[in-house]
Protein chains: 2
Amino acid sequence: MQFCGDTPRSEPPKRVRLVDLAAQLGLTKGTVSRALNDHPDISDQTRLRVRKAAEKLGYRPLSHAQAIRTGRVQSLGLVLQIYEHDAHRPFMAEFLAGLSQAASAEDWTLTVATASSDAQTLDLLDRLTVEKKADGFILPRTKLDDARIEFLRARNVPFVLYGRTRESRGCAWFDIESERSIEDAVTLLARLGHRRIGFVPGAQGYTYAELRRDGYLAGLARGALAHDRQLVAPPAMARDDGAISAATLLDLADPPSAIVCAVDGAALGVYDAARQRGLKIGTDLSVISYDGIPEATLLDPPLSTYRVDTRAAGARLADLLIRRCRGAAPEDLRELGRAAFQARGSHGVAPGAAQPAT
Amino acid sequence: MQFCGDTPRSEPPKRVRLVDLAAQLGLTKGTVSRALNDHPDISDQTRLRVRKAAEKLGYRPLSHAQAIRTGRVQSLGLVLQIYEHDAHRPFMAEFLAGLSQAASAEDWTLTVATASSDAQTLDLLDRLTVEKKADGFILPRTKLDDARIEFLRARNVPFVLYGRTRESRGCAWFDIESERSIEDAVTLLARLGHRRIGFVPGAQGYTYAELRRDGYLAGLARGALAHDRQLVAPPAMARDDGAISAATLLDLADPPSAIVCAVDGAALGVYDAARQRGLKIGTDLSVISYDGIPEATLLDPPLSTYRVDTRAAGARLADLLIRRCRGAAPEDLRELGRAAFQARGSHGVAPGAAQPAT
DNA sequence: TTCGTTTTCGAAACCGGTTTCGGCAACTGT
DNA sequence: ACAGTTGCCGAAACCGGTTTCGAAAACGAA
């Protein structure tokens with residue numbers, strides 16, 4: 001009922017300011033501010049009275065007015081690097097949803113910017129920090145040696161990695177243990193009787209690509225399988241180069257009976273290469289991949305893959321970064337998640353192998 | 001050389017403030033502020049001197065400090081509604097890139113939030129406006145009757161629609177004339193000899209869906225074809241429901257020889273339904289669609305579709321909104337774009353028809 | 001009762017910019 | 001030469017919050 005202006009004219013709804021609230025209560029704005037921010041020198045009685053009045057009048061502080069004194073704008077920064085063929089693009093919406101939801105829960109917001117090169121990314125980070133558009137940053141797609149980390153570390157700006165890095169001193173991070181999933185995939189295939197298991201790695205430079213390669217090797221070791229370098233194809237991220245990588249494996253003199261891909265995008269190409277050679281996926285050739293892109297269920301047969309809950313990852317990252325901005329030590333802000341195996345139709349017993357022991 | 005501290009300790013790089021700049025110049029901060037903001041009461045000589053010093057010292061105003069007086073935070077708001085099956089999701093990254101790029105060019109930033117329902121969207125708009133996290137909003141996926149428009153209009157908050165709406169009084173907007181593309185598609189098919197052309201519309205409620213339906217009808221009229229209600233399938237947005245819609249058309253007693261889809265997602269399902277019935281796309285059944293999703297090129301045969309330059313659309317929207325926030329009249333901020341036809345393999349001469357007249 | 005603590009709040013400075021106002025100096029016109 | 005403009009800048013208020021400091025009031029102990 002408060003501002004339902006009786007005048008049919010253009011009524012500027014007139015924000016409720018701190019002083020208005022204070023006047024209404026017969027207090028000074030300093031007192032009201034401290035009451036709302038839970039300072040210990042305010043009596044419980046007054047605190048409660050202030051809270052109720054603030055609620056009733058619908059008082060909401062202007063975040064940039066607070067920022068001028070506190071130095072914190074309550075905003076998470078995200079600089080996305082957009083590539084032509086970006087395997088992670090389908091997950092963008094989910095990722096944003098996770099970030100935004102967790103940020104909103106703490107009354108923070110999300111400031112996003114996009115860049116098309118490493119240099120532009122650093123430029124944006126610079127601009128956003130110096131103009132204080134964000135209190136900290138989420139760094140997706142971490143590289144082993146990441147210029148963004150050096151940059152922010154030097155300026156003492158909080159950040160959280162999505163992924164790990166070589167030198168994690170002072171870094172908070174969240175990551176999915178994709179190396180464990182790849183290792184599990186290889187182990188599973190070995191149990192199914194596969195003796196020659198190929199691998200299509202992800203793009204070099206990114207930490208996750210290295211880790212998944214390690215996972216492949218670990219899986220071979222656990223399955224007591226020899227490591228044949230020929231079974232590691234050139235890196236592939238999307239359908240077209242995935243087909244090329246698969247071709248190099250399938251055209252080997254002694255081709256693999258199973259292929260593990262570091263990313264689903266490449267697996268799409270494996271299907272193409274297999275079809276072209278008359279190989280039936282799931283029987284002639286087993287494929288297990290990683291990511292959980294939506295198209296995976298539409299393939300024939302549906303692709304067995306490890307699905308990442310990208311929305312949940314975003315939520316965790318936002319939470320970690322907010323805590324980091326509030327002063328928590330980076331060493332206490334490190335988490336690992338796991339991808340969930342979606343057993344579908346693209347993997348099976350090795351051709352000519354006996355039923356596996358459970 | 002300025003702040004390369006000789007001390008190897010943790011050097012807080014100490015921002016350059018307006019007063020610092022003023023002291024350096026022997027001026028007051030008020031004068032410097034006016035010089036940088038091009039006030040007329042500053043001599044050209046002083047203005048130039050200030051600009052150079054600002055450049056040299058690397059002075060960058062704190063945007064939230066400016067905001068407290070000006071009321072403008074230089075940020076565009078974007079509230080995305082995330083659906084389970086969202087046909088527009090693949091374009092998210094491109095859209096953000098366009099917005100971000102155009103915003104950055106004017107030194108604005110982008111604040112994004114996500115919602116999962118209409119009510120939550122309004123909540124977020126409310127929070128972002130009252131806390132002044134954004135100066136205005138971009139409203140994607142406009143509906144014929146859109147609650148967001150009413151909401152923002154009542155509060156006198158600037159906004160720009162991506163799409164049109166029923167009552168566009170006071171609305172700035174950018175839109176692609178998709179109805180023209182659909183009309184062109186139908187016309188093209190008619191010229192190719194198709195007499196029965198089916199249509200798979202988009203989800204009801206959205207303006208674009210209605211417009212594309214109009215475009216279908218207009219195309220029929222231009223091709224002097226009768227409108228058979230049976231040729232309009234149930235709405236579909238994604239592959240699965242697209243297949244169902246296509247089935248209703250293909251199982252007709254007198255099925256169409258061509259199908260136009262309002263969105264590419266549905267066209268994917270049309271391929272499925274056609275394959276299931278042994279129809280060869282491009283010869284037995286022509287398909288033309290709209291959107292330009294990347295998968296379209298990977299289909300067999302590649303899908304003929306009208307491609308929207310989503311990045312460019314984002315850039316235009318950001319530009320319009322910034323101008324709107326700076327006071328331009330909404331009536332002067334309305335633009336239309338066009339999608340580009342990508343003639344690929346999914347459409348051809350009608351079965352049993354003579355070569356068409358040019 | 002008296003003195004020292006503690007609790008609780010008011011007053012005012014403060015954050016980093018922008019905007020208003022007034023005054024000095026340099027022009028203009030006669 | 002003198003009054004009236006005009007150009008240009010300093011001083012100070014201002015935006016809407018937060019934080020510091022000090023003092024009054026309430027409390028506790030002797």
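Order of the sequence lines sets the chain letters (A, B, ...), proteins ahead of strands, with each chain counted from 1. Side-chain atoms are counted along with the backbone in the values below, which use heavy atoms only and exclude waters and symmetry mates.
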Seminar exercise, completed: Whole-Å distance, Arg72(B) CZ to dG16(D) P, equals 15 Å
For this session: With DNA chain C as reference, determine whether Ile68(A) or Asn37(B) sits nearer its 5' end, using the nearest nucleotide of each.
Result: Ile68(A)
Problem set entry | Phosphate-side-chain proximity, His64(A) and dG17(D), N/O vs OP1/OP2 below 4.0 Å | no
Exercise. So, are Asp175(B) and Arg334(B) salt-bridged, with charged N and O less than 4.0 Å apart?
Worked result: no
For this session: Indicate, with a heavy-atom threshold strictly under 4.0 Å, whether Leu18(A) touches base, sugar-phosphate, or nothing.
Result: base
Exercise. When you check the phosphate oxygens OP1 and OP2 of dT19(D), does a side-chain N or O of Thr70(A) lie under 4.0 Å from one of them?
Worked result: no
Seminar exercise, completed: Out of dG16(D), dC9(D), dC15(D), minimum distance to the side chain of Arg69(B) belongs to dC15(D)
Seminar exercise, completed: Considering only heavy side-chain atoms of Arg15(A), the closest of dG17(D), dG16(D), dT18(C) is dG17(D)
Exercise. How many angstroms lie between CD in Glu106(B) and CZ in Arg326(B), if you round to the nearest 0.5 Å?
Worked result: 4.5 Å
Exercise. Would you say dT19(C) has OP1 or OP2 under 4.0 Å from some side-chain N or O of Ser33(B)?
Worked result: no
Exercise. Given dC8(D), is OP1 or OP2 found less than 4.0 Å from the side-chain N or O atoms of Thr46(B)?
Worked result: no
Problem set entry | N or O in side chain of Thr31(A) less than 4.0 angstrom from dG10(C) OP1/OP2 | yes
